Amino acid sequence: MTDIKSMTLEEITAALQELGEPAFRGRQVFSWLHRGAVSFANMSNLSRALREKLAAAYTITVPSVACKQVSRQDGTVKYLWRLGDGNCIETVLMRYRHGNTVCISSQVGCRMGCAFCASTIGGKVRDLMPSELLDQVLFTQLDSGLPVSNIVLMGIGEPMDNLDNVLRFLELVNHPEGMNIGMRHISLSTCGLIPGIQRLGQLQLQLTLSVSLHAPDSETRSRIMPVNRAYDVEDLFAACHDYFASTGRRISFEYAMIDGVNDSDAQADLIAKRVRGMPAHLNLIPLNEVRESPFHPSRRLHAFQRRLESHGITVTVRRSLGGDIDASCGQLRRRAMAEAGAQTPPPDAVRSR
Ligand code: SAH
């Protein structure tokens, strides 16, 4: 059985033509799928014979809500979706003045091993399919009734460790016959897999690349981000300069402020030195405390911000949303796994605190 929602319009059209159908059928099926059809039986403009043929050869992915939390403070909605194979993934819908932003996961778990991050503690279970990436946007919009205008690939997982599927997802979600979300409304965040940055740079997409920097010096970065031992921060900056040169797109750097680890003035000065020559945006994130990790939020956030700004760098401090729900970085999935035992998926429950 083939996962039909991971197929492009051209692929679906070709497959239907092989079944003797006219080209416009592809568009019909694609449009049903991208409006959230959960079975071929619902596709009322197709003949019954065709619906049966399709059902025999293809599957349609449909996630179910394993848990849903709505923040009383700011309306942030967090979903724990259960996938076809029982694995669970998190998606967060954030409500900003400029539109609703959905933060999606790219993998079940993560194998990057960042020392401050809860998403990586159980390792990577598997990659998500293009359909499962799309479903997070599609079913979050359908379930919440809130139109999604922006997407950030900043949930659990490393998008560039699943880049083929992520690129296909981008093509699908951007498609005029589908959800039609513009590339300029999409951000992709990476811990710094240089080959992925290079590949993305060649594609010249209009999306925003975010790089999780967290330290400008090799020693500190290797300590908190094992990926730095494979792709050193100096080479990472070179790849970022190349990316800017080929795309003209400003890169956004994520920087979780960790007390006594990455918050010195010397480190701010080194960041300034390394971004010189390209427009950069530093997004400082107050560290979210993770029970399993020894790190604490920095007490120098504003001093660090001022130091960066003194070098002419654009700095923002991330506002934390959904503080009353488990809205960040793998916390809901981990709690659900702990409650249910890692093997069995958590019970169906819609919770609202
Ligand atoms: N793997 C990708 C996508 C994850 S995005 C990446 O590394 O960029 C999630 C962002 O939140 C990353 O910048 C990540 O480093 C950051 N993050 C993870 N744990 C955090 C924590 N405890 N506090 C603050 N930020 C954290």
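Only a predicted model underlies this, so the values are computations on that prediction, with no experimental measurement involved. One-based numbering, in listed order, for ligands and for the atoms of each.
- For ligand 1, the atoms lying closer than 4.0 Å to a non-hydrogen atom of His214 are 13 (O), 14 (C), 15 (O).
- Between Lys5 and Asp135 there is a salt bridge, since at least one side-chain N of the basic residue sits less than 4.0 Å from a carboxylate O of the acidic one.
- Between Gln267 and Asp217 there is a side-chain heavy-atom pair separated by less than 4.5 Å.
- Applying the 4.0 Å criterion to heavy atoms of Val290 picks out, from ligand 1, the atoms 22 (N).
- Set against the non-hydrogen atoms of Ala256, the atoms of ligand 1 under 4.0 Å away are 24 (C), 25 (N).
- Ring centers of Tyr243 and Phe237: at least 6.0 Å apart, outside the cut-off.
- In this structure, Leu46 and Leu54 have side chains that are in contact, with non-hydrogen atoms separated by less than 4.5 Å.
- In this structure the side chain of Pro147 reaches within 4.5 angstrom of the side chain of Asn100, judged on heavy atoms.
- Of the candidates Thr190, Asp161, Asn288, Asn288 brings a heavy atom nearest to atom 24 (C) of ligand 1.
- A salt bridge between Glu219 and Arg223 is absent, with no side-chain N of the basic residue lying under 4.0 Å from a carboxylate O of the acidic one.
- If you look at Leu287 next to ligand 1, the close heavy atoms, those under 4.0 Å, come from the backbone and the side chain alike.
- Near Ser189, meaning under 4.0 Å from any of its heavy atoms, are these atoms of ligand 1: 2 (C), 3 (C), 5 (S), 6 (C), 8 (O).
- Considering Met154, Glu289, Glu158 only, the shortest heavy-atom separation from atom 2 (C) of ligand 1 involves Glu158.
- Residue-ligand proximity, Gly155 to ligand 1, at heavy-atom distances under 4.0 Å covers atoms 4 (C).
- A salt bridge links Arg126 and Asp85; the closest N-O separation between the charged side-chain nitrogens and carboxylate oxygens is under 4.0 Å.
- Which parts of ligand 1 touch Ile285 is read off a 4.0 Å heavy-atom cut-off, strictly below it: atoms 24 (C), 25 (N).
- Which parts of ligand 1 touch Cys117 is read off a 4.0 Å heavy-atom cut-off, strictly below it: atoms 18 (C), 19 (N).
- Within the listing of ligand 1, atoms 13 (O) sit less than 4.0 angstrom from a heavy atom of Glu254.
- For the residue pair Asp324 and Ser71, a side-chain donor N or O sits within less than 3.5 Å of a side-chain acceptor on the partner.
- Compare Cys191, Gly157, Ala118, Ser212 by their heavy atoms: the one nearest to atom 3 (C) of ligand 1 is in Gly157.
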